[in-house]
Novice: 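Below is one structure. I have some questions about it.
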Amino acid sequence: MKNWKLAAALLASAAMPSAGWATELEVTHWWTSGGEAAAVAELAKAFDASGDKWVDGAIAGGGGTARPIMISRITGGDPMGATQFNHGQQALELVEAGLMLDLTDVAEAEGWKDKVYPPSLLDACTVDGRIYCAPVNIHSPEWLWLSNKAYEDAGIPVPTNWNEFVATAPQLEAAGKIPLALGNQPWQSNLAFGAMQIAVAGLDAWKAVNIDKNMDVAAGPEYAAVFKAAADARKLAAKSNVQDWNQATSLVITDQAGGQIMGDWAQGEFQVAGEVAGKDYTCLPGLGLNEYISTGGDAFYFPKLDDPEKEAAQKRLAALLVSPEVQVAFNLKKGSLPIRGDVDLSAANDCMKKGLEILATGNIVPSGDMNWSPDVQKQAEDLMVEFWKSDAMSAEDAHAKWVEILKSGL
Amino acid sequence: MAGNTLGARLMRNLNAKIAAIPMVTTALVVFLGGTAWTVLYSFTNSKLLPRNSFIGFDQYERLWSNSRWLTSIQNLMIYGILALVFTIAIGFLLAVLMDQKIRFEDTFRTIMLYPFALSFIVTGLVWQWILNPEFGIQHIVRSLGWDGFTFDPLNNPDVVLYGLLIAGLWQGTGFVMCIMLAGLRGIDDDIWKAARVDGIPRWKTYLFVVIPMMRPVFVTTLVIVASGIIKLYDLVVAQTSGGPGTASQVPAMYVYDYMFQAQNLGQGFAASSMMLLSVLIVLIPWAYLEFGGKKRG
């Protein structure tokens with residue numbers, strides 16, 4: 001009798017080892033700056049509150065450092081519970097190789113198709129009609145952040161677009177400021193160039209190149225103007241020698257620099273520093289020229305695990321990430337836009353409202369990650385690094401090389 | 001040689017041969033096998049995952065028309081030649097100084113060897129801070145009163161390689177000194193006595209008698225230092241991450257970036273095969289001279 005009970009108890013404990021215990025999921029991401037860490041803490045809080053356990057796996061050094069680590073863990077047989085990627089082609093081959101969990105049933109149960117806006121976000125998660133990622137936010141890199149105080153010190157009004165910014169730069173420099181703050185990491189010069197593409201070349205030329213892949217337009221006069229603008233910016237950023245993007249942002253926050261071209265995630269840094277949008281700093285989406293934003297962003301992918309219990313937890317996390325409450329809490333801290341139009345963001349500040357407005361009017365374009373393979377993007381990035389840091393390369397040379405790189409990805 | 005059948009030769013030193021099997025297997029499978037696999041797949045258009053679609057020399061054509069790769073090769077050559085010459089020259093000089101029967105030799109030797117105990121990552125970070133104009137050497141000299149003093153090698157594309165070189169030399173010379181010192185201690189005292197009897201000055205003895213006698217030591221040092229230079233990666237990542245611009249890029253960084261960031265394995269493999277080739281170009285003539293020459297004697 002006694003043995004029988006013992007056996008039953010053993011059996012029960014073997015069958016349900018974690019009954020009553022939270023399922024742990026390790027989540028890897030590259031959100032490590034002040035504002036980003038505050039935002040990711042919201043996700044962890046929500047997941048822990050729902051009864052599971054978020055094990056944080058932050059990888060410092062930006063996406064370029066983090067992605068190789070994530071990918072080699074997944075392909076090397078040591079997958080994490082969930083991982084951040086930018087939606088688009090970054091994880092495409094992992095999905096095609098069957099290493100990622102199919103989330104279609106979660107998406108259907110939660111009605112993602114009707115709620116996720118713009119729909120291109122969900123399309124970027126879809127491979128062969130199945131959904132493989134949960135989008136969490138929309139990030140657009142096409143923003144110019146300006147320090148109001150720096151312009152006050154120089155005795156000139158805050159510019160309202162890129163052309164004014166370039167024109168007033170000499171006065172700013174005379175007042176002892178760096179006109180344009182730009183970090184030395186490769187992706188940042190690439191981002192600045194991307195922002196100029198849509199702002200200077202305009203929507204039609206941008207679409208012709210990045211979506212229709214029309215190489216004649218890429219080699220044409222619209223894009224020559226973009227390279228000319230980049231050459232201007234190169235001169236303005238010559239004195240800025242910081243590494244990380246948030247160090248560059250901090251030059252703007254501390255009024256040592258006039259402005260920075262950076263994505264809307266810079267907003268989180270302004271917020272942590274206690275600055276007020278419109279009063280202490282000004283933001284110009286689309287560099288104030290063409291108010292279009294591209295809708296890239298972050299998404300969570302869930303590598304396939306053998307444990308059915310963990311798989312259930314992965315699906316719970318996926319549903320949680322898209323839920324309205326988490327969307328609001330996370331995006332307010334992060335400074336990014338929510339991926340669904342039906343949430344209340346009245347707490348949003350001036351800059352986020354500008355972004356929401358642009359989103360609502362539909363002035364949006366898909367992001368580079370969705371249009372070009374990582375290989376093409378890396379080559380373009382290499383070119384931009386070389387171009388921004390050496391005065392030897394002329395705008396025309398860079399333009400010609402850039403067209404060659406795009407052609408290699410056709 | 002006449003009575004040596006194959007069986008007898010196999011049986012000789014059998015224990016030693018059995019003991020060597022794991023190492024031989026590792027060398028064959030991991031090193032040779034891995035190398036062959038990498039070279040083979042450098043002829044494919046593999047992206048994130050290896051794929052068997054061969055495209056001939058396309059990856060190599062693209063590699064050699066890429067300006068970042070060409071800069072990397074050039075940087076490595078400049079850095080490599082300077083690092084090789086200076087580590088060996090300074091290392092030997094330090095060893096000679098240590099060899100003058102000085103007091104506290106052990107203490108000095110420990111001090112000189114300490115940097116070698118640090119990894120390249122730590123070395124790179126430390127020197128990044130020392131060379132940083134905001135709080136490094138420039139800041140200290142300026143606060144001593146020389147206001148116009150400028151020393152900012154890591155942010156100047158023209159001299160950034162020398163910034164790397166300083167850190168590399170600081171880390172590597174102590175080790176070379178120790179090898180050289182061991183070599184110097186291996187020189188028979190009678191040689192010194194004979195030289196003194198003949199009235200040859202000390203520096204001449206070092207230059208024309210001791211150095212030629214230390215040839216095996218120099219060759220060993222050369223190989224160790226040179227292989228360290230070709231795989232140079234972590235120092236650059238920690239100190240400059242290849243910047244400013246592409247001014248301090250090295251081939252190993254190109255390999256890593258294209259394999260993992262650009263998700264283009266084929267391109268990365270092609271670049272690493274070229275690195276292998278450059279090692280072989282250095283190594284084969286040397287091995288031929290070193291081992292092929294033995295048969296004469």
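Sequence lines set the chain letters: A, B, ... in the order given, protein chains first and strands last, and positions in each chain run from 1.
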Novice: Does a donor on one side chain and an acceptor on the other come within less than 3.5 Å for B/Y256 and B/Q261?
Specialist: no
Novice: Evaluate whether atom CZ of B/F54 has more than 12 neighbouring non-hydrogen atoms of other residues, nucleotides or ligands under 6.0 angstrom away.
Specialist: yes
Novice: Can you tell which of A/I71, A/T75, A/N184, A/I69 has the highest number of heavy-atom pairs within less than 4.5 Å of chain B?
Specialist: A/I71
Novice: Which answer fits A/E96, side chain, backbone, both or neither, if we ask what part of it has an atom under 4.5 Å from a heavy atom of chain B?
Specialist: neither
Novice: Given the rule in the side-chain hydrogen bond (donor to acceptor under 3.5 Å, both in side chains) test, do A/Y223 and A/Q197 qualify, once you have shown the distances and angles that lead to the verdict?
Specialist: CA-CA 7 Å; A/Y223 269 78; A/Q197 270 194 52; 3.0 Å; yes
Novice: Which atoms of A/D375 come close to chain B, meaning under 4.5 Å heavy atom to heavy atom: side chain ones, backbone ones, both, or neither?
Specialist: both
Novice: Do you know which of A/Q379, A/K401, A/M384 has the most heavy-atom pairs with chain B at a distance under 4.5 angstrom?
Specialist: A/Q379
Novice: Measuring only between side-chain heavy atoms, which start at C-beta, is B/I137 closer than 4.5 Å to B/F149?
Specialist: yes
Novice: So which part of A/L383 gets closer than 4.5 Å to some heavy atom of chain B, the side chain, the backbone, both or neither?
Specialist: neither
Novice: If I measure from the heavy atoms of chain A, does B/S241 come under 4.5 Å with its side chain, its backbone, both, or neither?
Specialist: side chain
Novice: Do B/D147 and B/R142 meet the salt-bridge criterion of a basic N to acidic O distance under 4.0 Å?
Specialist: no
